[in-house]
Structure formats: C-alpha cells, structure tokens
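A short write-up of the structure that comes next.
Keep in mind that the numbers below use all heavy atoms, side chains included, and drop hydrogens, waters and symmetry copies. All of these numbers come straight from a predicted model, not from anything done at the bench. In listed order, ligands and their atoms are each counted from 1.
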Amino acid sequence: MKVRAAKQGDLGWLLVLHSGGAFNRWIMRGPEDLQSLADEFSFKLAAQRKRQGVFVVVDVNGIGRGYGVLLLSLTGDSAHVEFGVDPRYQRKGIGGALLDEILRAGCRIGPKLKRVKAVCHQDNEGCIRLLRSRGFMSSAAPDIAALPYLSWHLIVDAGEIPACSPRFINGA
Ligand SMILES: CC(C)(COP(=O)(O)OP(=O)(O)OC[C@H]1O[C@@H](n2cnc3c(N)ncnc32)[C@H](O)[C@@H]1OP(=O)(O)O)[C@@H](O)C(=O)NCCC(=O)NCCS
C-alpha cells in the first residue's frame with residue numbers, strides 16, 4: 001500500500017468508484033452527473049496545489065483504491081475531511097492510513113488548524129468506527145435538518161508537534 005498525492009490521472013478510477021451503489025449508499029450527495037464529479041475533483045486538485053487542501057490516494061499494486069481529502073476553511077482554523085475506499089479493499093487499514101495522512105498533512109499546511117470536521121451517515125459503521133478511533137466526537141446536538149447524516153469533529157492541539165498529533169479534548 002502506498003499513499004501519494006492525487007493527480008489528474010486519478011479522475012478515471014475515482015469516477016468509477018463514485019458510480020458504484022455499494023460505495024455511494026453512504027455518501028451525502030444527490031444524483032450528480034459525471035461532469036459535476038469531475039469539477040469537484042479539479043477543485044480538490046487546485047486546493048492541493050494552492051496548499052489550501054490535501055488530496056491523497058492509496059495505490060495497491062499501482063492502482064488507486066482509496067482517496068482522502070482535507071479542505072481548509074478560509075480562515076485556516078478549521079477543515080473538512082472526506083475519504084473513501086473501494087469496497088473490495090475495505091477493512092484492510094486503507095481508510096485509517098488515508099485519514100492519518102490527511103490529518104498530518106493538514107496540520108503541516110494549516111498551522112492555525114484547531115478543528116477538523118467530518119460528516120457521516122448515522123448507520124455507516126465503518127466510518128463511525130474509523131472516526132472514533134482517531135479521536136473524533138459526534139456533535140452533542142445533531143442538526144435535525146441534516147439527519148440521517150451526523151457531524152463529527154476532532155479538536156487538534158497544534159502545540160503537540162511533532163506530527164501535530166490530533167487528540168481528544170473531552171467536552172470540547
Ligand atoms: C469508511 C471507510 C473509508 C473505511 O475504510 P477502511 O479501509 O475499511 O477502514 P480501515 O480498514 O482503516 O478500518 C478502520 C476502522 O474501521 C473499522 N471498520 C471498517 N469498516 C467497518 C465496517 N463495515 N463495520 C465495522 N467496522 C468497520 C475497522 O475494523 C477499523 O477499526 P479498528 O481500527 O478499531 O480495527 C470505508 O468504509 C468507505 O469508503 N466507506 C464508503 C465511503 C464513506 O463512508 N466515506 C466516509 C464519509 S466521508
């Protein structure tokens with residue numbers, strides 16, 4: 001398994017991944033056409049180039065099987081993460097490796113980073129377990145309008161360098 005920066009050539013397999021029902025049942029998006037997915041991909045690549053985001057891919061035997069994205073807010077004190085793994089390659093540690101890398105790289109490009117947010121379907125056991133294992137907490141008061149999607153957050157203590165280790169801060 002190799003984690004690397006995403007590049008233009010990743011668009012193809014990412015479009016295929018996002019077209020699969022097994023993957024998409026947990027994703028909060030409406031029926032979108034390929035063009036809007038491609039536009040989103042270009043936006044994430046551009047954010048990475050401008051150091052306003054991180055966009056990485058895991059290759060298994062040279063083929064992309066998972067991706068992770070972190071986008072910094074305009075002020076740089078918060079970020080949003082998104083990640084996904086080819087269903088045939090899930091539960092092998094790829095999601096964890098991706099999340100670790102985007103958090104690490106996010107702290108590097110965003111020295112003011114304090115809070116990392118994620119959105120996850122309330123029944124998405126794999127995502128919930130992964131977020132919890134990295135110290136994310138679900139919001140105490142769920143946004144009723146967003147259900148069945150729940151917001152999760154991680155408080156980042158940037159003082160804890162090296163690696164800007166994300167950690168739990170109870171009650172934050
Ligand atoms: C969420 C997702 C990225 C996890 O990827 P993964 O490669 O399977 O994750 P890992 O193998 O690193 O596992 C991470 C943890 O989650 C657990 N896990 C993963 N899938 C699970 C499942 N279906 N049920 C229960 N636990 C699960 C693993 O056991 C592991 O827990 P542990 O560290 O306590 O052992 C993957 O399921 C996925 O792509 N889902 C669809 C897209 C999605 O939901 N994205 C998140 C929203 S942004």
I need the atoms of ligand 1 closer than 4.0 Å to a non-hydrogen atom of I94, numbered in the order shown. 7 (O), 12 (O)

Got L71 and V81 here, is their nearest side-chain heavy-atom distance under 4.5 Å? no

Would you check whether R129 has a nitrogen or oxygen atom less than 3.5 angstrom from a nitrogen or oxygen atom of ligand 1? yes

Is the gap between the ring centers of H18 and Y67 under 6.0 Å? yes

Would you say V69 ends up clustered with L15 if hydrophobic residues are merged whenever their side chains have heavy atoms under 4.5 Å apart, either directly or through other cluster members? yes

Do any nitrogen or oxygen atoms of F83 come within less than 3.5 Å of a nitrogen or oxygen of ligand 1? yes

Taking 4.0 angstrom as the limit, do D86 and R65 come out as a salt bridge? yes

Have a look at D86, V69, V119 and point out the one with the heavy atom closest to atom 47 (C) of ligand 1. V119

What atoms of ligand 1 come closer than 4.0 angstrom to any heavy atom of G84? 39 (O)

Nearest non-hydrogen contact to atom 21 (C) of ligand 1 from the set S133, P87, G126 belongs to G126

Among all protein non-hydrogen atoms, which one is nearest to atom 42 (C) of ligand 1, and what is the separation to 0.1 Å? F23 CE1, 3.5 Å

Are F43 and L14 connected into the same hydrophobic cluster when the rule is that any two of I, L, V, M, F, W, Y join if their side-chain heavy atoms are below 4.5 Å apart? yes

Check for me whether G93 has a heavy atom closer than 4.0 Å to any atom of ligand 1. yes

Salt bridge between R4 and D10, side-chain N to carboxylate O under 4.0 Å? yes

Looking only at side-chain N and O atoms, does Q35 offer a donor or acceptor that is under 3.5 Å from a partner on D39? yes

Heavy-atom distances under 4.0 Å decide this one: backbone, side chain, both or neither, for H121 against ligand 1? neither

For ligand 1 and R91, I'd like to know whether there is a polar contact (N/O to N/O, distance under 3.5 Å). yes

Under 4.0 angstrom from atom 16 (O) of ligand 1, is there any protein heavy atom? yes

Any non-hydrogen protein atom less than 4.0 Å away from atom 30 (C) of ligand 1: no

Pairwise side-chain contact, V3 with V57, heavy-atom cut-off 4.5 Å (strictly under): no

Answer yes or no: is there a side-chain heavy-atom contact under 4.5 Å between F83 and C127? yes

Does K92, backbone or side chain, put an N or O under 3.5 Å from an N or O of ligand 1? yes

E40 with K44: basic N within carboxylate O range, under 4.0 Å: yes

Would L37 and V16 show up in the same hydrophobic cluster when neighbours are defined by side-chain heavy atoms closer than 4.5 Å? no

Quick test of your reading of the model: are D100 and R134 salt-bridged, counting only N-O distances below 4.0 Å? yes

Nearest non-hydrogen protein atom to atom 14 (C) of ligand 1, with distance, is L130 CD1, 3.7 Å

Test your reading of the structure: does E82 have an N or O sitting under 3.5 Å from an N or O of ligand 1? no

Tell me the protein heavy atom at minimum distance from atom 44 (O) of ligand 1, and give that distance in Å. N124 ND2, 2.7 Å

Heavy-atom proximity to atom 36 (C) of ligand 1 ranks first, among Q90, E125, R132, for Q90

For G96, the ligand 1 atoms whose distance to one of its heavy atoms is below 4.0 Å: 12 (O)

Within-cut-off N or O pair, G95 and ligand 1, under 3.5 Å: yes

Just heavy atoms, cut-off under 4.0 Å: does V85 contact ligand 1 by side chain, backbone, both, or neither? both

